[in-house]
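Accompanying notes for the structure given below.
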There are 2 protein chains.
Amino acid sequence: MPLSRQAVTPELDLDGLDRVLGIHVGTINTLLLSRLERQLETFKVTPKQVAILWLVNANPGVKQSDLSRFFKIERPTVHQFVRQLTMNGHLVSEPSKLDRRAGGLWITETGAATLTAAREIIFTDEADLLSPLTADEQAELYRLIIKVYLSAPSRT
Amino acid sequence: MPLSRQAVTPELDLDGLDRVLGIHVGTINTLLLSRLERQLETFKVTPKQVAILWLVNANPGVKQSDLSRFFKIERPTVHQFVRQLTMNGHLVSEPSKLDRRAGGLWITETGAATLTAAREIIFTDEADLLSPLTADEQAELYRLIIKVYLSAPSRT
DNA sequence: TATTGTTATACTCTATAACTATA
DNA sequence: TATAGTTATAGAGTATAACAATA
């Protein structure tokens, strides 16, 4: 018998809703994020802010438009996270000398400390989430998700 | 060489961010949802509203608290969707005669028509998303996601 | 003209706190 | 006391429209 979400709420007729993969992807996503949000509260950052911080740390002077391309989100959306991170002292923005339209982003000491702590939490959460799977299954899940992602339709 | 998101933005040093599965799950989730939102605009419903409608259709007289349990979201959150669906004529709520605290939910003709159309869109989108995978891979992805979901930590 | 950043505004999904009514 | 529903409010993440500055 295949695994099914039916077991969780036997009183409901799911009528095939649990055959929609997106439902489970969404639920897992929400559970992961809300747990992470609570754990990051101490550091005054949100999950998305950490992701931005991660790339700024690894790419000093990166532009907002590069982040927009990577995350597949719009520039004003990126800007919002950058503004929050700047206000909280995790990031600084210096106008580029080469192209005065663009402003490079740099992480601060505070930001770097926050990132280090956040990374630990993220790795622990993720290992936790995947613990019901064997190592082979984890690798396969990872491979399949990436494969789907790589040919996923862009927003535009 | 393993599949990697690095290929999409070669100019960025991802510094292991793409080894975080949650990042890809989140991106896929958002891409799926935003496409679906646009397609459902005509019918004046959102993805989550359709999911609610789906279960109300299959379980006439269902209570809000049952939906809360299934979706793992709080009662006030369910209520919000129910209110929207009621205002737009997709749903009606009748107080139960057995337990006057509870109100059973029933789908309307409009709601049923919307659900039928929405289901088509959802199945098409999903087939599209999974098309890069072979049938075996799709089945395996489904199995792994459900397995993760079933042992995923609850919110509480 | 095209790109980068910005501001203003709005929508979707979710939560918590506090309330009413009923069991 | 516990459960069902409700109201009010807020926060995270996202978008579009419109603009200024620069290339």
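These numbers come from a predicted model, not from an experiment. Just so it is clear: chains get the letters A, B, ... in the order the sequence lines come, proteins before strands, and each one is counted from 1.
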Between A:T77 and B:P76, who's closer to the 5' end of DNA chain D by nearest nucleotide?
->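 Nearer the 5' end of the strand: B:P76.
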
With a cutoff of under 4.5 Å between side-chain heavy atoms, which Ile, Leu, Val, Met, Phe, Trp and Tyr residues group with A:V92?
-> A:W106

Nearest-Å distance, [atom1] ([X]) to [atom2] ([N])?
X: B:R75; N: C:dA21; atom1: CZ; atom2: P; value: 16 Å
X: B:Q80; N: C:dT16; atom1: CD; atom2: P; value: 14 Å
X: B:R35; N: D:dA15; atom1: CZ; atom2: C1'; value: 18 Å
X: A:L31; N: C:dC13; atom1: CG; atom2: P; value: 16 Å
X: B:F81; N: D:dT6; atom1: CZ; atom2: P; value: 15 Å
X: A:K63; N: C:dT6; atom1: NZ; atom2: P; value: 13 Å
X: B:I73; N: C:dA15; atom1: CD1; atom2: P; value: 6 Å
X: A:R38; N: C:dA15; atom1: CZ; atom2: C1'; value: 10 Å

So, is [X] near the phosphate of [N], with a side-chain N or O under 4.0 Å from OP1 or OP2?
X: A:S65; N: C:dG5; result: yes
X: B:Q64; N: D:dT6; result: yes
X: B:H79; N: D:dG5; result: no

Salt bridge (charged side-chain N to carboxylate O under 4.0 Å, His left out) contacts touching residues 39-50 of chain A (sequence neighbours left out) |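 The answer is none; no pair qualifies.
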
Those residues that, when tested against A:R101, pass side-chain hydrogen bond (donor to acceptor under 3.5 Å, both in side chains) (two or more places apart) |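 Scan of A:R101 (side-chain hydrogen bond (donor to acceptor under 3.5 Å, both in side chains), adjacent residues dropped) gives A:D99.
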
How far apart are the C-alpha atoms of B:R35 and B:D128, what are their side-chain angles, what is the distance that settles it, and do they pass the side chain to side chain contact (heavy atoms under 4.5 Å, CB included) test?
-> CA-CA 12 Å; B:R35 182 172 21 159; B:D128 235 53; 3.4 Å; yes

Lys/Arg cation over aromatic A:Y142: B:R19, 6.0 Å, 45° cone |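 Satisfied, under 6.0 Å and within 45°.
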
Does the side chain of B:F70 come within less than 4.5 Å of B:V62's, by heavy atoms?
-> no

What heavy-atom pair brings B:E137 and B:P132 nearest, and what distance separates the two atoms?
->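 What the structure gives for the nearest pair is OE1-O, 4.3 Å.
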
So which of residues 45-56 of chain B are in contact with DNA chain D, with a heavy-atom cut-off of under 4.0 Å?
->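 Contacting residues: none.
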
Of all of residues 82-103 of chain B, which get a heavy atom below 4.0 angstrom from DNA chain D, listed by number?
->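 Contacting residues: B:R101, B:A102, B:G103.
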
Which residues satisfy the side chain to side chain contact (heavy atoms under 4.5 Å, CB included) test with A:D13, sequence neighbours excluded?
-> A:D15, B:A58, B:N59

Return the orientation label for the A:Y149 and B:H24 ring planes: parallel under 30°, perpendicular over 60°, tilted otherwise.
->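 If you compare the ring of A:Y149 with that of B:H24, the planes turn out tilted.
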
